[in-house]
K.L.:
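Got a structure for you, written out below as structure tokens; questions coming shortly.
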Amino acid sequence: MVRHRALTLLLVAAVVVPAQASDAYRIGMSVAITGPAAGIYAPAFDAYKVYFKRINDAGGINGHPVEIMFEDDRGEPSRAAANAKKFSEGVILIVNASISPTYKPLMTEADAEKIPLLFGGGVCPREAFPPAHPLIFCSTSFGAQWDSRFAVPFIKAHAGSKAKVGFVAQNIPVSQAEMEFAEKLAREQGLETLPVIVVPGGSADFTPFAAKLKDAGADWVLSWAPWPLEIGVFEALGRIGWTGRYVTYAHQPAQDDLARLKSPNLFAFGGNAMFTEGLPIHKEIEGAVKGQTSHPPHYLVEGWVSAMVLEQALRKCGWPCSKDKLAQTLATVSVDTRGLRGGPIEWTAENHYRQRAYYKVYRWDTGQRAVVPVGGWTKLDVK
Amino acid sequence: MSAGAALEVERLSVAFRGLQALNGVSVRASAGEITALVGPNGAGKTTLLNAVGGFCAITTGSIRLDGAPIHGLPSHRIAARGVGRAFQFVELFRHMTVLDNLMLGRHLHMRAGLLAGAVFFGRSRREQAAHRARVEAVIEFLELERYRRDAVDSLPFGVQKLCGVARALAMEPRLLVLDEPSSGMSREEKEDFARFLLRIKHELGTTVLWVEHDLEMVADLADRVTVLDFGQVIAEGPPAEALSAPQVVEAYLGRQP
Amino acid sequence: MAHGSGYFKTTYEADMALVDTRLRRLTLAALVVLLAALPRVASPFSLELVTQTALAAVGALALNVLTGLAGQISLGHAGFLCAGAFTVGILVESVKAPPLVTLPAAALVGALLGTLVGVPSLRLKGLYLALGTLAMHFVVLYAASEYQARWGFNTGVSVPAPTIAGIRFRSGLQWYYVLVAFAALTTLLSVNLTRSRVGRAWMAIRDREIAAASLGIAVARYKLLAFVASSVVTALAGAVWAYYRSFVSVEAFSFFVTIEFIAMIVIGGMGSTLGALLGASFVTLLPYGIDAVVGALAPGGAAPYWLFPLKFGAFGLLMALFLLFEPLGLVGIWRRARTWIVLWPLRYAPLRSAR
Amino acid sequence: MQAVAGVVVLASLYVLLGVGYVLVYRASRVLNLAQGDLMMVGGYALFAAVTTVSASPLIAVPLALAVGAAAGVVVYALLMRPMAGHPVFAAVLVTVSLGILLRVAVVLVYTDQARYPLPAMDLGNPPVRLPGGAAVSTLDALTVISAAALLAGLLAFLRLSRLGIRMRAAAERPLLAAQRGIDFHALFALSWALASFAGALAGVLYASNVRLDPSLGILGLKAFAVALVGGLDSLGGLVAGALIVATVEVLTIRHVNPLLSDVSPFLCLLAMLLVRPWGLWGTREELERV
């Protein structure tokens, strides 16, 4: 009797999932909207919001709106795991724009529920490179093992073979591994190298690390790490009067910092065209996000590119679009980045990174008093 | 219950940062007797009790319980030798009930460890019940029945002081150390307390070392009295004798012109 | 209790019973039925929330034993969790150890760390001790991140679903039952401890060390015991966390996690088992609650940017408000509400001067 | 030589941050875990002043420091004063909440992006060459000078001025001071104002020299290891503690393992807790009385 009554009560008071709009494409997005890494990843949240609001206002995709569940993960794996559980109820794709420790819980959930997972902002995981995991895709401009294959020859071409090259990594595995890889490449190419310096991201002061580099006599330094560290070490080097050249990956804030530091010795290489080039697509993004974001427009590029990929995949997937079908569709997309990148993003069943990686280098030009490209796009085949 | 133990304090000195609190004090409390310790404020009475309980370091001298030295032992070891203490400012665990406070008094006699306590089944449960019975006996002895489940800090101060005595009694000590138990008690509470003290002596046979301000009570109840002033013993003996000694009168009333 | 009529108790055993009235028995039965039947009606996500709360409750109960009962402030809770989780991660990764090996190993690591941190507690008090535990937290995290970096686990170490007695634990439903049972067991142990000899000794030490020593309580030993007991349970919770999440990663055990657990026992009500449970639920569910409220107020629209920092801020604000205005925590509110309901419609309130 | 310069600069930053812990701890035995966040607020106050009031550092910097000091008073009045009589631990937790709230407030206004007040003031930060081939930045040098000036000023204030002597009296003998009619609340508020002022100074210098972002507060945790090594209630000990921790940190980076440098302040702290729990120059906590 008691049991029966309790059960009835329970059924009445049961936590009922609110009925979802069944006529929308449902996407889940786990993004570091707050937390220490938010400066880099929160813009992706804005990019997605603006991008798909435009699409929905124009009638959606194949006549259906795109509904995105945004969840903050603060860059913490436990929160990402909770988000993944939340997404497992009916989304056809999970997007991640956060730091790498959040990947594992999302991948686990994606694997268990067979939901495709798109990385759009954070470093591309190994699973996106050939041979790719069938569910894991990555549209982010930077990827391990390929960026150094561009950067080391670049240094060699500009420095000649007499230069001593130093390497700076952050104390996260992906950055450390990449710099060790780069150091090996540089040695193979006949450059004189210094051991990789690993720097804790939370250091109050990068000066002691910079001093170590300076005392070791580095002429060129390569850094591939999160932006605050890359630029922090460069500035620390400047503060103690180092006059060598510094090559670093151009994350989104690079454009502002090149202009702020006005140093001709700082080379930033990357996969995205800087807004200083003023391409039509740049103007378009600037117009679209005006008043919609508290971030500078060029911060939104990574998010914007991955939204472009998603839009095209959804168009190709048609209606209704299941998670399986979307995963298959994603493996066939070829997205024209309209100048945001050096070429299209093309995915195959084997390769969920891109067929060709494009790189461009920027630096401050003292003569023109502007941030200018050093040469054009360089193309690398990804095998 | 075990019979009372004899306490011998020999030429005890205690100093705090150069201040001589006790200077060569000798006190004896014979087994089964009530020994009172009196003296004006700052005479060193509480310091003596602290030294006995192991709460302060001694400079020289010795403290023996039934002939075995206890000075230098940590407090909880001294308690394990059978010394129970009721404090001047109660020092009960204020948020706990009277019952829990008294159960704490049984700590030394119980055996249940962490795991047994966490499981709380079988032997540890029976042990708990058995000790609960001993605690109830103490509650009955000191007539605290109606406060059993009250949190200590909700009780009147006089009752709290009695609870402090009850907790010390629950330890089944061989030496009961009381620090001004009657201060803060009403007239009636004091009368009850006097009765309890005599019952402790006669029925339990516990040795009592008793610091007291109320000299009338001391004169009525104590078997022997030691009078302290400025850290030294100034008189010792049966109450009538010790309390009327001229140096004691002087210490209390000041030098007569 | 066969001898008890419900109101008059004739044995001390009956008086010590936890669930002694008919109402309480009914409430407990209803709770058990509710938890058992929940998976039939609740969505996987709501189930996940309950599961998460259960795991948080274990951690909060363990911290409550140390800080609430024994009065030893610890800022190293996340460090203990991390140690337990990494014990599992390392053993599974290097020797493919089964849970029957890793769980006791995690408990052992917890005990060792607890002793290590507990030993200074014999000399340190209050804030100094808290600082020592905080330092321990950073050292444990450093060791874990060294391991993670050295072996190149960029996204954390994978922990495959464990198999115990032929059952492979991987579904959300299985974990729901496992963790709710884990939390229930910890709750029972914790309630028992508070009414046993050891628990009372801890409370005595918390309230007044000198008085505790005068009762023959070996203060140093019991403090150490509190650290060991708490850290063993915490490390076990960390180990279960690793299996449940199927990975371990340093980033999951930041100092903020410690703050969250402290907030749980503060908001719940320090020293109370019920408080730890209420606090764990409150802190775990708060962000989702805010989501729900905002969702109800502004349906359809994408969540605004300010909502996300706000969720983080609400947690800080509530913790401050509880500390300032309700030191007894949720348990205090619950007790007042209960009194009010029992007395209703009478408006009896204690005299102001009596408080 | 560069290493020595590095130690001195780092130690100066730690001193600026640590002063806040010491002042608040002396006054009320509370450990202010929001000190790092107050520093961050100081940095943002500078950025706000530069972008909204005036780009001249002569106006913006004093304004930011004033905001910092005022923040201390507000924090005391709103959060710490009501906590009087509560357990100290509860007050410490309140400062944790305060830190969270400050971070959220900053994120709501300025987002998580890194900001740089120095270019906004149109100033540079050129290296200063030192003898022995070492170099430090102009703001590094300013940090060292500020730390020395702040300490000298505080010591003079506490030794010589009437108010300062009262503060010392209140810290050392609270009961006696209360009987002499010293207004505790005013003194506590002053301690908080000074602590927060020191934090803002550190924030202004660090934000100008390095960068400004909402996670800057983490530095506070390291500095508090410094304060403890020196002795939580001793300003003199702070200097020694800062030098020790900074030396260990720089040496670990150069000769041991850079990764270990992140925890080296805490290793110093653990070592100190085991040897002399009350720190180099701190006073031993009073024993309990029965």
Side-chain angles (χ1 to χ4, degrees), chain B residues 50 53-55 74-87 89-96 99-101 103-121 124-133 135-136 149 152 154 164 167-168 170-171 173 177, chain C residues 9 11-18 61 65 68-71 111 122 185-222 224-226 228-230 232-233 270-272 328 350 354-355:
Chain B
N50 283 349
F55 299 113
S75 308
H76 68 273
R77 286 276 163 71
I78 294 176
R81 296 281 178 93
V83 177
R85 163 99 178 253
F87 293 88
F89 299 109
V90 183
E91 303 288 352
L92 288 168
F93 307 110
R94 297 186 310 138
H95 305 296
M96 296 188 211
L99 209 52
D100 280 336
N101 266 284
M103 285 300 281
L104 267 164
R106 301 298 304 167
H107 182 84
L108 278 170
H109 300 277
M110 293 173 75
R111 286 287 148 259
L114 179 75
L115 291 178
V119 175
F120 209 78
F121 194 73
S124 74
R125 197 177 136 90
R126 282 196 299 278
E127 182 191 40
Q128 182 100 349
H131 285 276
R132 175 71 193 279
V135 162
E136 287 293 337
R149 296 217 177 261
V152 167
S154 68
R167 190 179 65 187
M171 293 169 71
V177 179
Chain C
K9 288 153 185 162
T11 65
Y12 291 128
E13 273 95 348
D15 196 34
M16 294 182 316
L18 281 181
L61 286 166
V65 162
L69 285 190
L122 310 182
L185 184 70
T186 320
T187 308
L188 183 68
L189 295 183
S190 152
V191 170
N192 281 342
L193 266 183
T194 47
R195 59 191 184 133
S196 73
R197 173 172 177 261
V198 175
R200 272 194 301 266
W202 281 338
M203 289 190 268
I205 292 171
R206 172 194 67 191
D207 287 359
R208 195 79 167 114
E209 276 186 25
I210 282 191
S214 82
L215 297 172
I217 295 168
V219 172
R221 222 184 111 228
Y222 275 87
L224 208 54
L225 191 64
V228 171
S230 169
V232 163
V233 176
M270 201 66 111
S272 147
L328 294 178
R355 292 215 265 169

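Letters A, B, ... are given to chains in the order of the sequence lines, protein chains preceding strands, and every chain is numbered from 1.
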K.L.:
With sequence neighbours left out, write down each residue that passes side chain to side chain donor-acceptor pair (under 3.5 Å) with Ser75(B), or none if nothing qualifies.
P.N.:
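Side chain to side chain donor-acceptor pair (under 3.5 Å) check on Ser75(B) returns nothing, list empty.
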K.L.:
Below 4.5 Å from any heavy atom of chain B, which atoms of Leu225(C) appear? Answer side chain, backbone, both or neither.
P.N.:
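It is the side chain, since no backbone atom gets that close.
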K.L.:
For the residue pair Met96(B) and Val152(B), establish whether any side-chain heavy-atom pair is separated by less than 4.5 Å.
P.N.:
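Contact flag for Met96(B)/Val152(B) side chains = no.
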K.L.:
Side chain from CB out, backbone as N, CA, C, O: work out which of these in Val83(B) comes under 4.5 Å of a heavy atom of chain C, or both, or neither.
P.N.:
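Only the backbone of Val83(B) comes within 4.5 Å of chain C.
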K.L.:
Top residue by heavy-atom pair count (under 4.5 Å) with chain B, among Ser196(C), Ala229(C), Gly271(C), Gly216(C)?
P.N.:
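Among Ser196(C), Ala229(C), Gly271(C), Gly216(C), the one with the most close pairs to chain B is Gly216(C).
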K.L.:
Using a cut-off of under 4.5 Å on heavy-atom pairs, state which of His95(B), Gln128(B), Met171(B), Arg77(B) scores highest against chain C.
P.N.:
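Option with the top pair count is Gln128(B).
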K.L.:
Could you tell me whether the side chains of Asn50(B) and Arg85(B) share a donor-acceptor contact shorter than 3.5 Å?
P.N.:
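The criterion, which ignores hydrogens and geometry beyond distance, is satisfied for Arg85(B) and Asn50(B).
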K.L.:
At what distance, to the nearest 0.5 angstrom, does CD1 of Ile217(C) lie from CD1 of Ile205(C)?
P.N.:
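Reported to 0.5 Å precision, the distance equals 6.0 Å.
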K.L.:
List in chain and number order the residues that pass side chain to side chain donor-acceptor pair (under 3.5 Å) with Arg200(C), two or more places apart in sequence or in another chain; answer none if no residue qualifies.
P.N.:
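Side chain to side chain donor-acceptor pair (under 3.5 Å) check on Arg200(C) returns nothing, list empty.
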K.L.:
Taking every heavy-atom pair that is under 4.5 Å apart, which of Ala220(C), Ala211(C), Ala204(C) has the most such pairs with chain B?
P.N.:
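So the answer, after comparing Ala220(C), Ala211(C), Ala204(C), is Ala204(C).
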K.L.:
Flag the one option from Gly164(B), Ala133(B), Gly53(B), Gly84(B) with the top tally of heavy-atom pairs under 4.5 Å to chain C.
P.N.:
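Highest number of pairs under 4.5 Å: Ala133(B).
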